[in-house]
Protein chains: 2
Amino acid sequence: MSQKVTIKDIAKKLNVTPSTISRALSDHPSISVKTKSLVKKTALKMNYHPNKMASSLRKGKGHSIGVVLPKINSNFMSNCIFGIESVTYPSGYDLIICQSNEFYEKEKDNIEALLASGVSGVLISLSMDTKDTEHLNNVLKRNVPLVMFDRIEESFSVDSAVNDDRVISAEAVVHLAAQGYKKIAILSGPTHSYVYNNRLMGYLDGLRLSGLEIKEDRIFSNIVSEEDAKNLVSNVLKKESKESRPDAFFCTGDKVALGAMQAAREAGLGIPSDIGVVGYANDPFSKIITPSLTTIEQFPKEIGTSAAKIIIDLIKQGKTFSSPNKKVLIKPQLRIRESSSRVPNFSCNT
Amino acid sequence: MSQKVTIKDIAKKLNVTPSTISRALSDHPSISVKTKSLVKKTALKMNYHPNKMASSLRKGKGHSIGVVLPKINSNFMSNCIFGIESVTYPSGYDLIICQSNEFYEKEKDNIEALLASGVSGVLISLSMDTKDTEHLNNVLKRNVPLVMFDRIEESFSVDSAVNDDRVISAEAVVHLAAQGYKKIAILSGPTHSYVYNNRLMGYLDGLRLSGLEIKEDRIFSNIVSEEDAKNLVSNVLKKESKESRPDAFFCTGDKVALGAMQAAREAGLGIPSDIGVVGYANDPFSKIITPSLTTIEQFPKEIGTSAAKIIIDLIKQGKTFSSPNKKVLIKPQLRIRESSSRVPNFSCNT
DNA sequence: ATGAAAGCGCTAACAA
DNA sequence: TTGTTAGCGCTTTCAT
């Protein structure tokens, strides 16, 4: 019923041409200050609202940025989006959010849909089963900037923003070693994942740094849930002798750590006295449980803002990626709590 | 570099007019089956991708649905979006997400931006300081369907999807009463909020149903954080005599419940023996802590899907709201756990 | 069953 | 400093 007011209407009213109105509204330098203010005032009075569809079509590119991610409903991802929005909104971009649900095909569809909608840029965190990067190439081919965040593919050369998982994982392991744990095991996720791979590398770094032995049979992969962890740790503690079995578990997720703790307790072992446990993510519950869980706090908002800033820059510069590629590493922090602290006077920074 | 392929190019290649291509691609009835399949095949071969900006402009309306909400980074909200997406994606709509950050002004801006982008519909959960509904009216004026979810304004007549907070709150209070608690207090949020108001009403209902006395000084509002709760409960337990003080706290948030529990414990009182506690939200930690927390599980995904379904219907019908208004109530569930169970043989459904 | 032509609202060369 | 003009790619009435 409304939105009949176009640039033409204002032009008619002021006896000038539409071009003048268009220019005045977008602060074109060659329009007199007087005209500008008159036009703007009139536009306001007439309740004019620019039609973005028209300008998008004309300019060949919209005013929105697309985000493709596996699942929005996680603490980590929703905070990434929060960060992204805090940057894109002030820059005048709409955010179009798509979920791949961890499916390559949907991810591909999402990207096509975004391109068809004329997004000015694409932010992506890859699905678990993304095998190739052809769809990502399509983005670049259309001359649309692409930035990866969190779940990235290193072989694909674009800018990115990620956790510095490796360094902090090493730090966590070194911490465990400093507490006197000598047979530290890792409970990690899927081996082909960039994220979990890095955590594993950090684990190995940490062992080396601490002069501890690396043993294949202390590396457990594909442990994703509390259940997985509980079963596995339970078995490990049962099967192995007191001498050979792990005395600490570096877990790449807090839920996983929780499962490990339960298994240890059920095996009659004390935490942190007999078994040390470190988690990952600083889930709200980690601080609350007994014993409180040492864990790694990530900064998803910062990952989001970093990725968003990069893409806004790229859009401004009209480039699809930086050369050399930019890779922003956001360093997580170790939150030392009870589950790994058996040396008295440990520092407990929340 | 790509996306040069338009409807015109296909037309040229096949020696027909653009109109034919357009019609063929959109399955217009008056195009021969043969032509259709030929056109589609060619389009595919030429790697044609429709330009949504153009069709949006032409049709005066886009292919996206706008969502305005206070903050995306909560478990509740991100799951609402998850639900929304699961409905809008199959229907072919993009999702444009905006955060109001609890500011009325930003909410207003968000809506304007969405309308300018030509969204086909708007889903909104109101900000805390939304005072009037003029901006909502603008949506309807432009003939764009509007559906509210979770944080709604009852005086504004459009369709909505919300938690059935009142009924479940009553149920929770009745449960406490059944466990022998007689002086049940409520720790609620801002009084002017639709959501908290409903929980308060349910609380009163519950007391009435149980034949318990309603006492003003057992109703505490504006308790939002763990901190708030801890301080308040601590004071209450200190100040009042054993006879007059509350023996149970119905908390309208799990974090709040946590604070209450801590205060009780610090006052040397047992949970659930001396003090019963019920939370709200079924936060992951509620099941893990000791004693485990009785709480109310909400179904944000269902709220999202319900709201989305309504708006898709409205778009199809070309209406901005149903008359009479549709109001979908999603019933939460009481998760009875240790913090409120002092009668033996209580049922513990997770 | 297909073609011709106009136009959605805005922008941007090119002119003046 | 402002006007003229053309057109982004698609849809859709009206004609054939």
Side-chain angles (χ1 to χ4, degrees), chain A residues 2-40 42-43 46-64 92 115-120 142-144 318, chain B residues 2-40 42-43 46-64 92 115-120 142-143:
Chain A
S2 169
Q3 172 58 348
K4 299 264 63 153
V5 191
T6 80
I7 232 174
K8 260 185 180 168
D9 300 317
I10 309 181
K12 218 169 287 172
K13 183 136 193 172
L14 297 180
N15 274 320
V16 290
T17 58
S19 350
T20 304
I21 306 297
S22 172
R23 289 192 268 245
L25 289 173
S26 49
D27 271 319
H28 190 100
S30 71
I31 294 285
S32 75
V33 182
K34 215 181 108 201
T35 314
K36 271 184 197 168
S37 74
L38 177 62
V39 168
K40 285 179 184 170
T42 317
M46 295 179 70
N47 195 28
Y48 166 78
H49 292 282
N51 182 324
K52 288 192 194 168
M53 294 182 276
S55 86
S56 298
L57 174 58
R58 180 58 234 251
K59 303 210 278 208
K61 193 127 293 179
H63 47 278
S64 49
L115 292 173
S117 300
V119 292
S120 305
R142 302 251 208 127
N143 213 24
V144 172
Chain B
S2 170
Q3 172 57 348
K4 299 265 62 152
V5 191
T6 79
I7 231 174
K8 260 185 178 168
D9 300 316
I10 309 181
K12 217 169 287 170
K13 184 133 190 175
L14 297 181
N15 275 319
V16 290
T17 58
S19 346
T20 305
I21 306 297
S22 172
R23 289 192 267 243
L25 289 173
S26 50
D27 272 320
H28 190 100
S30 73
I31 295 285
S32 76
V33 182
K34 216 182 109 198
T35 314
K36 271 184 196 169
S37 75
L38 178 62
V39 167
K40 284 179 184 169
T42 317
M46 295 178 72
N47 196 29
Y48 166 78
H49 291 282
N51 183 323
K52 288 193 195 168
M53 295 181 276
S55 84
S56 298
L57 173 59
R58 181 56 234 254
K59 304 209 278 207
K61 191 126 293 180
H63 48 279
S64 49
L115 291 175
S117 299
V119 293
S120 306
R142 302 252 209 125
N143 213 24

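Nothing here was measured: the structure is a model prediction, and the numbers come from that model. All chains are named by letter (A, B, ...) in the order of the sequence lines, taking the proteins before the strands, and each is independently numbered beginning at 1.
When heavy atoms are screened at a 4.0 angstrom cut-off, B/Thr20 is found touching the sugar-phosphate backbone but no base atom.
Applying the salt bridge (charged side-chain N to carboxylate O under 4.0 Å, His left out) rule to B/Lys61 yields no partners; only residues at least two apart in sequence or on another chain are considered.
Picking from D/dC8, C/dA4, C/dG9 the nucleotide with the shortest atom distance to the side chain of A/Ala54 gives C/dG9. Of the candidates D/dC8, C/dC8, C/dT2, the closest approach to any side-chain atom of A/Lys8 belongs to C/dC8. The nucleotide whose nearest atom lies closest to any side-chain atom of B/Ser30 is, among C/dA1, D/dT2, D/dT12, C/dA1. Residue A/Arg23 places its side chain closer to C/dC14 than to any other of C/dG9, D/dT1, C/dC14.
Protein atom CD1 of B/Ile21 is 16 Å distant from nucleotide atom C1' of D/dT12, rounded to whole Å. Across the protein-nucleic acid pair, A/His28 atom NE2 and D/dT2 atom P stand 11 Å apart, rounded to whole Å. Regarding B/Lys59, its NZ atom lies at a distance of 6 Å from the P atom of D/dT12, rounded to whole Å. Taking atom CG of residue A/Leu14 and atom P of nucleotide D/dT1, one finds them 18 Å apart after rounding to whole Å. Atom pair B/Asn15:CG and C/dA4:C1' shows a separation of 16 Å (rounding to whole Å applied). Separating the CG atom of B/Asn51 from the P atom of D/dG9 is a distance of 7 Å, rounded to the nearest angstrom. Per the geometry, CG belonging to B/Asp9 stands 11 Å off C1' belonging to D/dG9, to the nearest Å. Note: CD1 (B/Ile10) to C1' (D/dG9) measures 12 Å, nearest angstrom.
A/Ser56 places a side-chain N or O within 3.5 Å of a backbone atom of A/Lys52 that can act as its donor or acceptor partner.
Taking 4.0 angstrom as the limit, A/Tyr48 places a side-chain polar atom (N or O) nearer than this to OP1 or OP2 of C/dC10. Residue B/Ser55 has no polar side-chain atom (N or O) positioned under 4.0 Å from OP1 or OP2 of D/dC10. Between A/Ser32 and the phosphate of D/dT2, there is a side-chain N or O to OP1/OP2 separation shorter than 4.0 Å.
One side chain, A/Thr17 or A/Thr20, offers a donor N or O that lies under 3.5 Å from an acceptor on the other. Residues B/His28 and B/Ser30 bring a donor and an acceptor atom of their side chains to less than 3.5 Å of each other.
Between B/Met46 and B/Asp9, the closest side-chain pair of non-hydrogen atoms falls below 4.5 Å.
For C/dA12, the base has no donor-acceptor partner in the side chain of A/Ser22 [N/O atoms by modelled type, under 3.5 angstrom].
In this structure, B/Leu57 and B/Thr35 both approach DNA chain C, and ranking their closest nucleotides by distance from the 5' end singles out B/Thr35. DNA chain C is contacted by both B/Pro29 and A/Ile7; B/Pro29 maps to the nucleotide lying nearer its 5′ end (nearest heavy atom per residue).
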